[in-house]
Each structure stands twice: as C-alpha cells, then as structure tokens.
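See structure below.
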Amino acid sequence: SGAISSLQRQMEIQESELRRIRSEKELLQKQLREREVQLQAVSDKFCSLTEEQRQEEIVVMMEEENRNLHQVVIEQESQLAEQGKLISELQGIINQLRAEVVNTRLHLLEQKKVQKEIQDQADALQHKALQTSVALEQITCKFERYRNKIIQATFSVEGSQDPMGELTDDEVLEAMQKIINERAEFQHMLRSKGSK
C-alpha cells in the first residue's frame, strides 16, 4: 500500500509538470499569434503611407521586424522542441509509474492469496492436531485400562506376589512372560503324560 501511494504521488507530480509544460506551450503559441497580428498591423500601416515613404519604411521596418520575428521564431521553436521532448519523457514516466502501480497491486493480490492459502493450511493443521490429540487421549485411556487388566490378570495367578509400588511396562511384560512360560511347561508336561 505504501509503494502504491508513493507511485501515485510520483505520477501526480509528473502529471502536474506535464500540465504546466502544456500551458507554457499554449502561451508561446499565443505569443506567436500576437506577433502575427502585430505584423499584420504594421502591414496595414504601410498601406497608408506614400509610395516612397512606404518603401523606405517597409525596408527598415521589415528588416527589423524580420530580425525580431526570426529570433522569436527560433526561440519559440527551440522551446517547443524542448517542451515536446519533455512532454514525451514525462508521458513515458507516467506510463511507467502506472505500470508499476498495476504490478504492485497484482503483487499485493498474489500475496493476499498466498496468505489466505497459508492460513487455510494452518487452520486445517490445527483441526487435525486437535483430532489427533483427542484420538491420542482415547488411545491412552484404552491402553491404561488394558495395562491394568494385564496387571490384574498377571498378579491374580495363584502363587504370584502382589507388586511393590508402581510397575514399569518391562516388569509387567516380564511377569506375563513368566506366566506364559510356566503354562507352556505345564502343557508340555501334561502332553508328555498323555493328557489332553
């Protein structure tokens, strides 16, 4: 937004300069027309003089007026050429600034689109994390119930001793393995004696 404002301010300055130069160009053209009117007035004045006076007056005034007009024309043509060049340059700068404003706006729109996509992904991940947390809690509860049942089944066997304090998972597995081994040995012994 700051970049767009800066570009728009630059564009307004360039357009203001362009209007000023065009105004100066119109003023120069107006002055040229006034010179033409003056020349026409001088020409009309010559018509009222005698032929001899007219010729002399014409020669002197025409030479002077020609010099003046020639100088004015040269100066105005030079100024008009400079202003025309400056107008072209300013128009190019304005067009460039407008293009930069458009590109900046497109870039901002693209950034907003990317930010929205990232926000959507973050929301989806947060929702998934919440679901995972709920599922983990449910699994943990089931695991604890299952572990307690294993401990109860393991240490409720005849001849087993009650555990001293909190059991680790390895201790529970070791106790279960011991019972499994004892039952396997017992089954093997019964089979060896021919009993089902």
[X] with [Y], same ILVMFWY side-chain cluster at under 4.5 Å:
{"X": "Val101", "Y": "Leu108", "result": "yes"}
{"X": "Ile87", "Y": "Leu97", "result": "yes"}
{"X": "Leu18", "Y": "Leu86", "result": "yes"}

Check whether the side chains of Glu75 and Gln71 place a donor and an acceptor atom closer than 3.5 Å, and report yes or no.
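There is such a pair between these side chains.
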Is it true that the side chains of Asn181 and Gln177 contain a donor and an acceptor less than 3.5 Å apart?
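A pair is found: one side chain offers a donor N or O, the other an acceptor, under 3.5 Å apart.
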Can you check side chain to side chain contact (heavy atoms under 4.5 Å, CB included) on Ile180 and Arg183, steps first, answer last?
CA-CA 5 Å; Ile180 291 169; Arg183 290 187 178 183; 5.9 Å; no
Between atom [atom1] of [X] and atom [atom2] of [Y], what is the distance when rounded to the nearest 0.5 Å?
{"X": "Gln119", "Y": "Gln126", "atom1": "CD", "atom2": "CD", "value": "8.5 Å"}
{"X": "Gln14", "Y": "Ile94", "atom1": "CD", "atom2": "CD1", "value": "6.0 Å"}
{"X": "Ile118", "Y": "Asp123", "atom1": "CD1", "atom2": "CG", "value": "12.0 Å"}
{"X": "Asn95", "Y": "Leu90", "atom1": "CG", "atom2": "CG", "value": "11.0 Å"}
{"X": "Glu110", "Y": "Gln115", "atom1": "CD", "atom2": "CD", "value": "11.0 Å"}
{"X": "Ile179", "Y": "Glu174", "atom1": "CD1", "atom2": "CD", "value": "11.5 Å"}

Step by step, would you call Leu28 with Gln83 a side chain to side chain contact (heavy atoms under 4.5 Å, CB included)?
CA-CA 11 Å; Leu28 288 172; Gln83 289 178 354; 4.0 Å; yes
How far apart are the C-alpha atoms of Arg19 and Ser23, what are their side-chain angles, what is the distance that settles it, and do they pass the side chain to side chain contact (heavy atoms under 4.5 Å, CB included) test?
CA-CA 6 Å; Arg19 286 193 296 271; Ser23 176; over 6 Å; no
Can you name the nearest heavy-atom pair linking Leu32 to Val73, along with the distance?
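Closest approach of Leu32 to Val73, heavy atoms only: CD1-CG2, 4.3 Å.
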Does a side-chain heavy-atom distance below 4.5 Å link [X] with [Y]?
{"X": "Met189", "Y": "Lys193", "result": "yes"}
{"X": "Arg67", "Y": "Glu64", "result": "yes"}
{"X": "His70", "Y": "Ile74", "result": "yes"}
{"X": "Ile139", "Y": "Lys142", "result": "no"}

Does Ala129 offer a backbone N or O that forms a donor-acceptor pair with the side chain of Ser133 under 3.5 Å?
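Such a contact is absent between Ser133 side chain and Ala129 backbone.
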Is a donor on one side and an acceptor on the other found under 3.5 Å between the side chain of Ser16 and the backbone of Glu12?
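Answer holds: no.
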Between Asn148 and Glu144, is a side chain to side chain donor-acceptor pair (under 3.5 Å) present by the stated rule, with each step listed?
CA-CA 6 Å; Asn148 290 334; Glu144 285 298 324; 4.8 Å; no
Does Glu24 have more than 12 heavy atoms from other residues, nucleotides or ligands lying within 6.0 Å of its CD?
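Atom CD in Glu24 is crowded, with more than 12 foreign heavy atoms closer than 6.0 Å.
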Determine whether more than 12 heavy atoms belonging to other residues, nucleotides or ligands lie under 6.0 Å from atom CD of Glu34.
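Result for CD/Glu34: enclosed.
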Starting from the C-alpha separation in whole Å, work towards a yes-or-no answer on side chain to side chain contact (heavy atoms under 4.5 Å, CB included) for Gln131 and His127.
CA-CA 6 Å; Gln131 289 180 329; His127 181 67; 3.1 Å; yes
May I ask you to decide whether Glu15 forms a salt bridge with Arg20, counting only side-chain N to carboxylate O separations under 4.0 Å?
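The answer is no: the pair does not qualify as a salt bridge.
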